[in-house]
Engineer: 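Pasting a structure below so you can have a look.
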2 protein chains.
Amino acid sequence: MDKVRQQMIQDNPAVRERLLGEALRLFTEKGYASTSVRELVESAGVTKPVLYYYFGSKEGLYLEIMNGISGLLDQRINELQQAGGTVRQRLLDFFSRLFVGARENIPAVRLAYAIYYGPPQGAPFIDFNRFFDTILVMVGTLVAEGVQNGEFRQVDRSALAWALVGCHSTIMEEQICRQTPRIGHDGLLSAIGLILDGAAAKNSAKELP
Amino acid sequence: MDKVRQQMIQDNPAVRERLLGEALRLFTEKGYASTSVRELVESAGVTKPVLYYYFGSKEGLYLEIMNGISGLLDQRINELQQAGGTVRQRLLDFFSRLFVGARENIPAVRLAYAIYYGPPQGAPFIDFNRFFDTILVMVGTLVAEGVQNGEFRQVDRSALAWALVGCHSTIMEEQICRQTPRIGHDGLLSAIGLILDGAAAKNSAKELP
DNA sequence: TATTATACTTACCGGTAGGTAAATAAAACT
DNA sequence: AGTTTTATTTACCTACCGGTAAGTATAATA
């Protein structure tokens, strides 16, 4: 294989990946229904039947992207292994890592949020509820442990879990929805820390790590 | 005017209102781009040029609905007069009323959220940022007052404001996104109360009202 | 009653939506 | 080299999109 041909292959991303990338970008920018197949393929530099060759339909392409995002979110959540330390430290670590992971995949996360909050707009249903549910359960488990081992006061466990998840969720949404977020990772840790300080039992009160 | 004709007029809602109502419903259910003018007018029981007669275009109809929603949100926020009492009581009252008002207008609020989080999908830009901004400022003002007058500890004011607004926002989103919300008004007050308990200065610690 | 204004209809417009058939080019295999 | 498989193209399909022209019906006014 000569060098020119070899270089062409290296410089030319696979058609399939190109379509996926452009579709994610356009679906994120414009929504499923407003993104036409025509502009998708133009953007990827191929012709329309190529899209149908690889994905069967516009919907097939969309589902492939959604499967990718779901897999990514599943992986990310699975990576949130429970580190050692106090419950407080583990919660701060949990939210910190969740936040950083999301910030590294803004387009995918933004699309997931748009689907969660928005109408289906002709796209097939994707269940993103379970990610939020999983996070709430994980936080609830840690909170219960903290209350049980005396690290936290005898607080309403559900209320504390919702307060923590809500705080994190809204600050993360700020990264998604604003060109220049008004609060970031440091602010997140401050707010989570403040809630945890308030929930701490008297003889185990801790400040920010 | 005979009775039969009179009854027909009374039973027949104005065409304009009917179009607005159906459009809000369909835009909320399906999104702007996936809702065709054809199904809008069918749903309202009129023909297509009637929509153009009253609103000029699909976009004109959409903007009219958005203006309605913006006006409603403005009005609701303005009604959140600062009641008397401690800062804690006022914050609980503020969030309670904000929550109840939103719950009374789920379709409008849901559409606003979808627009805030989602891509424009061919619809004209609507600035819903300012509502969230206004709420954050109002809460921030109350927090500052609480810290200043000694009711709250010397906490990071921004962190506390974001914690409170985030908690409220996520629980309110639960009303929007779930058929059967797992947490409601009572849970909101518990969670907000918990954060406020934690932020309270030692000699002014209060429990739920 | 005739005229004007308002409200609504039918039929139509140019353009675009997602998708496909047939043909061709390129790569892989025998 | 010939054949088969894979990848891609050109040209086309039906249905639908937002919007409009011309006409008609109804209500209000002079």
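Remember, it's a predicted structure, so these values are computed and weren't measured experimentally. Quick note on labels: first sequence line is chain A, next is B, and so on, each numbered from 1.
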Engineer: State which residues pass side-chain hydrogen bond (donor to acceptor under 3.5 Å, both in side chains) with A:S70; sequence neighbours excluded, sorted by chain then number.
Structural biologist: none

Engineer: Identify whether any heavy atom of B:T35 sits under 4.0 Å from a base atom; if not, whether one sits that close to sugar-phosphate; answer base, sugar-phosphate or nothing.
Structural biologist: sugar-phosphate

Engineer: Check whether any side-chain N or O of B:S36 sits under 4.0 Å from OP1 or OP2 of D:dC17, and answer yes or no.
Structural biologist: yes

Engineer: Please give, in whole Å, the distance from D:dC17 P to B:Y32 OH?
Structural biologist: 13 Å

Engineer: At what distance, to the nearest 0.5 angstrom, does NE2 of A:H185 lie from CD of A:Q175?
Structural biologist: 10.0 Å

Engineer: Nearest whole angstrom, please: distance from the C1' of D:dC16 to the NZ of B:K30.
Structural biologist: 13 Å

Engineer: Does the Lys NZ or Arg CZ of B:K58 fall within the cation-pi geometry relative to B:Y32 - under 6.0 Å from the ring centre and within 45° of the axis?
Structural biologist: yes

Engineer: Show the nearest heavy-atom pair for residues A:G140 and A:A161, with the distance to one decimal.
Structural biologist: CA-CB, 4.1 Å

Engineer: Find the distance B:E42:CD to D:dC16:P and express it as a whole number of Å.
Structural biologist: 11 Å

Engineer: What is the separation between atom OH on A:Y52 and atom P on C:dT20, rounded to the nearest whole Å?
Structural biologist: 7 Å

Engineer: When the distance from CZ of A:R38 to P of C:dG19 is rounded to whole Å, what number comes out?
Structural biologist: 14 Å

Engineer: Sort me out a list of protein N/O and nucleotides 5-10 of chain D N/O pairs below 3.5 Å, or just none if empty.
Structural biologist:
{"residue": "D:dA7", "atom": "OP2", "partner": "A:Y53", "partner atom": "OH", "Å": "2.3"}
{"residue": "D:dT8", "atom": "OP2", "partner": "A:Y54", "partner atom": "OH", "Å": "2.5"}
{"residue": "D:dT9", "atom": "OP2", "partner": "A:T47", "partner atom": "N", "Å": "3.2"}
{"residue": "D:dT9", "atom": "OP2", "partner": "A:T47", "partner atom": "OG1", "Å": "2.6"}

Engineer: Take atom CG of B:L61 and atom C1' of D:dG18, then tell me their distance rounded to the nearest Å.
Structural biologist: 13 Å

Engineer: Which whole-number value in Å describes the distance from B:E17 CD to C:dA7 P?
Structural biologist: 14 Å

Engineer: Is any side-chain heavy atom of A:V139 closer than 4.5 Å to one of A:W162?
Structural biologist: no

Engineer: Output the rounded distance in Å from CD (A:E39) to C1' (C:dG15).
Structural biologist: 15 Å

Engineer: Does B:R110 reach the main-chain N or O of B:I176 with its side chain, forming a donor-acceptor pair under 3.5 Å?
Structural biologist: yes

